[in-house]
Enquirer: 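Take this structure, written in structure tokens, and hold onto it; I'll ask about it next.
First the proteins, then the strands, lettered A, B, ... as listed; each starts at 1.
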Number of protein chains: 2
Amino acid sequence: MDYQSYVPMLKAMADPNRLKIIDLLSCGTLCACDILTHFEFSQPTLSHHMKVLQQAGIVTAQKVGKWQHYTLKPAFVIAFLQDTKQLLANDADCICHDGSCDNCQDQATRKDVITK
Amino acid sequence: MDYQSYVPMLKAMADPNRLKIIDLLSCGTLCACDILTHFEFSQPTLSHHMKVLQQAGIVTAQKVGKWQHYTLKPAFVIAFLQDTKQLLANDADCICHDGSCDNCQDQATRKDVITK
DNA sequence: CTAACAGATAGACATTTATCTATATGTCTA
DNA sequence: TAGACATATAGATAAATGTCTATCTGTTAG
């Protein structure tokens, strides 16, 4: 599979504060000051986290007057779920390349879990 | 949502080499020496990465003679996909707690993406 | 029993990262 | 135009992390 975009997404998500930000934004667009009310850290720290999320392609920013509006990118939601399913699926994309390795067993079971 | 197990999983996955190990194991059980052939780093480094994956609940180890057999935990596959869907879903579990915030819009669209 | 092999542990080191304070930039309002 | 407000940037620092070499433990085979 292609790790080029998936790994940066995982890195950006692998921080409890940023994960909570994503959770907040899964609700919809929020400005920085609204997000900040949910945390104990400082405003520059939030600014840093938002930059990380943007660079990972998770969030977009739109300036409206004084406010910076942050939105979860639909493309991220789609890509992250697809990449995750592809990673954990034991299917034709198995790294053994031909699906014939001794380890390519229990495919049906794994697929059940992933597609349901 | 509950970040207690999800964040450590994300942390463990957010390294390109460990992600490749997970990809390899999504094929099925492998011993350490087999995994090592796919990488440039040293044996102690692999040992370190496998420990991280175990502590995150992603992988189980079983010693068979000299060999350590590593397997992707089915519970991880299930939990990680569920947590991911719950995080990215814009549903009743929205952090606003009552689904009534101004931002709770476009729910139908997001849900389409996640459940299909 | 000894040597070879698989893997784990210890400790060091360079890099990354999450955070802070101080300050700068940009925007609105009185 | 001045001041208040929202956000970004700069620079510092402590902690975490990925990697290495050296060494240790445990298992198998001769």
Enquirer: Using side chain to side chain donor-acceptor pair (under 3.5 Å) as the criterion, list what pairs up with A:T45, not counting sequence neighbours.
Expert: A:S42

Enquirer: In this structure, how many angstroms lie between the P atom of C:dA12 and the NE2 atom of B:H48, rounded?
Expert: 17 Å

Enquirer: Which part of the nucleic acid does A:F39 contact within heavy-atom distance under 4.0 Å: base, sugar-phosphate only, or nothing?
Expert: nothing

Enquirer: Sequence neighbours left out, what pairs pass ring-ring contact (aromatic ring centres under 6.0 Å, His included) with at least one residue falling in residues 5-28 of chain B?
Expert: B:Y6-B:F80

Enquirer: Who passes side chain to side chain contact (heavy atoms under 4.5 Å, CB included) against A:A79, sequence neighbours left out?
Expert: A:M9

Enquirer: What is the distance from CG of A:L46 to C1' of C:dA18, rounded to the nearest Å?
Expert: 13 Å

Enquirer: What does the B/S/- profile of nucleotides 20-30 of chain C look like, 5' to 3', with a 4.0 Å heavy-atom cutoff to protein?
Expert: BBB---SBS--

Enquirer: Could you give the CG-to-P distance, from A:D34 to D:dC5, as a whole number of Å?
Expert: 16 Å

Enquirer: Can you list the residues that meet the side chain to side chain donor-acceptor pair (under 3.5 Å) rule with B:H49, with sequence neighbours excluded?
Expert: B:R18

Enquirer: From NZ of A:K11 over to C1' of C:dA18, roughly how many Å is that when rounded to an integer?
Expert: 14 Å

Enquirer: So, A:S47 side chain and A:P44 main chain: donor-acceptor pair closer than 3.5 Å or not?
Expert: no

Enquirer: Send over the distance from A:I21 CD1 to D:dT7 P, rounded to a whole Å.
Expert: 13 Å

Enquirer: Do A:K20 side-chain atoms and A:H38 backbone N/O form a donor-acceptor pair below 3.5 Å?
Expert: yes

Enquirer: Cut-off 3.5 Å, no hydrogens considered: what does the side-chain donor-acceptor table look like for residues 60-76 of chain B, sequence neighbours left out?
Expert:
residue: B:T60; atom: OG1; partner: B:T71; partner atom: O; Å: 3.4
residue: B:Q68; atom: OE1; partner: B:K63; partner atom: N; Å: 3.1
residue: B:T71; atom: OG1; partner: B:T29; partner atom: OG1; Å: 2.7

Enquirer: Just to verify, what does A:S5 make a side chain to side chain donor-acceptor pair (under 3.5 Å) with, not counting sequence neighbours?
Expert: none

Enquirer: Taking DNA chain C as the partner, which of residues 49-59 of chain B come within under 4.0 angstrom of it by heavy atom?
Expert: B:K51

Enquirer: Report yes or no: do A:M13 and A:F39 belong to one cluster of Ile/Leu/Val/Met/Phe/Trp/Tyr joined by side chain heavy-atom distances under 4.5 Å?
Expert: yes

Enquirer: Is there a Watson-Crick or G-U wobble partner for C:dA30 with both distances under 3.5 Å, and if so, which one is it?
Expert: D:dT1

Enquirer: Starting at atom CG of B:N17, determine the distance to atom C1' of C:dT16, rounded to an integer number of angstrom.
Expert: 16 Å

